[in-house]
*Asks:* 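Below are the structure tokens for one structure; questions will follow.
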Amino acid sequence: QVQLEESGGGSVQSGGSLRVSCAGSEYTACMAWVRQAPGKKREVVAYIDLYGRTTYRDAVLGRFTISRDNPENTLYLHMKRLNPEDTAMYYCAAKEGSCPYDIHYLQYSYWGQGIQVTVSS
């Protein structure tokens, strides 16, 4: 069973930057970052396939960058110009096979425990 573990979260002021990382126990073809703010539904932030092709939700486009290091089974999310609306638990997620063709797809097979990102005004 694939295990995912996030790291690198924390608290920053509005306009700041953070990078969150996800270490996978083994390779998966599609990896994603999903976040959930208190009282809100989970939403996919971005995903990346085995070829490095990326997809972002509109709210983070131009500010966040998803990347992966395949030999290390590691996923990254570089977050810039953070705002309080970005405050959430950020989860690493993965699935075998191709990535979905829908940013709203949430049926990933593997999930990390999540890491908190807090952005203050």
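Because the structure is a prediction, the values reported are computed rather than measured.
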*Asks:* What is the distance from atom OH of Tyr101 to atom OG1 of Thr55, rounded to the nearest 0.5 Å?
*Replies:* 9.5 Å
*Asks:* What distance separates Tyr47 OH from Lys95 NZ, expressed to the nearest 0.5 Å?
*Replies:* 10.0 Å
*Asks:* Is a donor on one side and an acceptor on the other found under 3.5 Å between the side chain of Ser25 and the backbone of Gln3?
*Replies:*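 Yes, Ser25 side chain to Gln3 backbone: donor-acceptor pair under 3.5 Å.
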*Asks:* Could you check whether any side-chain heavy atom of Cys30 comes within less than 4.5 Å of a side-chain heavy atom of Ser98, counting everything from C-beta outward?
*Replies:*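 With C-beta onward as the side chain, the pair stays apart.
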*Asks:* Measure the spacing between CG of Leu50 and CZ of Arg68 and express it to the nearest 0.5 Å.
*Replies:*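 Reported value, rounded in 0.5 Å steps: 7.0 Å.
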*Asks:* Between Tyr27 and Val2, is any pair of side-chain heavy atoms under 4.5 Å apart?
*Replies:*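 Answer no - side chains too far apart.
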*Asks:* How far apart are the closest heavy atoms of Arg81 and Asp86, and which atoms are they?
*Replies:* O-OD2, 4.4 Å
*Asks:* Quick one: CG on Leu61 to OG1 on Thr54, what's the gap to the nearest 0.5 Å?
*Replies:* 9.0 Å
*Asks:* Could you check whether any side-chain heavy atom of Leu4 comes within less than 4.5 Å of a side-chain heavy atom of Glu6, counting everything from C-beta outward?
*Replies:* no
*Asks:* Does atom CD (Glu5) have a neighbourhood of more than 12 heavy atoms from anything else shown, all under 6.0 Å?
*Replies:* no
*Asks:* Are Ser7 and Cys22 close enough that some pair of their side-chain heavy atoms sits under 4.5 Å apart?
*Replies:*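 Ser7 vs Cys22: side chains apart.
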*Asks:* Can you tell me how far the OG atom of Ser67 sits from the CD1 atom of Ile48, to the nearest 0.5 Å?
*Replies:* 6.0 Å
*Asks:* Would you say Met79 and Val60 make side-chain contact, with heavy atoms under 4.5 Å?
*Replies:*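 Side-chain contact under 4.5 Å: no.
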*Asks:* By ring-ring contact (aromatic ring centres under 6.0 Å, His included), which residues pair with Tyr108, not counting sequence neighbours?
*Replies:* Tyr105
*Asks:* Answer yes or no: is there a side-chain heavy-atom contact under 4.5 Å between Met31 and Cys92?
*Replies:*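 The answer is yes; the side chains approach within 4.5 Å.
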*Asks:* Would you indicate whether Gln13, at its atom CD, is surrounded by more than 12 heavy atoms from other residues, nucleotides or ligands within a distance under 6.0 Å?
*Replies:*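 Check fails, neighbour count at 12 or below.
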*Asks:* Within this structure, what is the CZ-CG distance for the pair Phe64 and Leu82, rounded to the nearest 0.5 Å?
*Replies:*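 Here the interatomic distance stands at 5.0 Å.
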*Asks:* So, for Leu106 and Val34, which heavy atoms are closest and what is the spacing to 0.1 Å?
*Replies:* CD2-CG1, 3.9 Å
*Asks:* Identify which one of Gln36, Arg57, His104 satisfies the side-chain contact (heavy atoms from CB on, under 4.5 Å) criterion when paired with Glu43.
*Replies:* Arg57
*Asks:* Checking side-chain contact (heavy atoms from CB on, under 4.5 Å) for the pair Val45/Tyr56: CA distance, chi angles, key distance, verdict?
*Replies:* CA-CA 6 Å; Val45 176; Tyr56 300 89; 5.7 Å; no
*Asks:* Measure from NZ or CZ of Arg19 to the centre of the six-membered ring of Trp33, then state whether that distance is under 6.0 Å and the direction lies within 45° of the axis.
*Replies:* no
*Asks:* If you draw the axis of the six-membered ring of Tyr91, does the NZ or CZ of Arg35 fall within 45° of it and under 6.0 Å from the ring centre?
*Replies:*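 Checked: cation-pi criterion not met.
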*Asks:* Tell me yes or no: between the side chains of Tyr110 and Glu96, is some donor less than 3.5 Å from an acceptor?
*Replies:* yes
*Asks:* Using the side-chain contact (heavy atoms from CB on, under 4.5 Å) definition, which of the options Val117, Val20, Thr65 pairs with Leu77?
*Replies:*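 Only match with Leu77 under side-chain contact (heavy atoms from CB on, under 4.5 Å): Val20.
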*Asks:* Mark yes or no for whether Thr74, through its side chain, and Glu72, through its backbone, hold a donor-acceptor pair below 3.5 Å.
*Replies:* yes
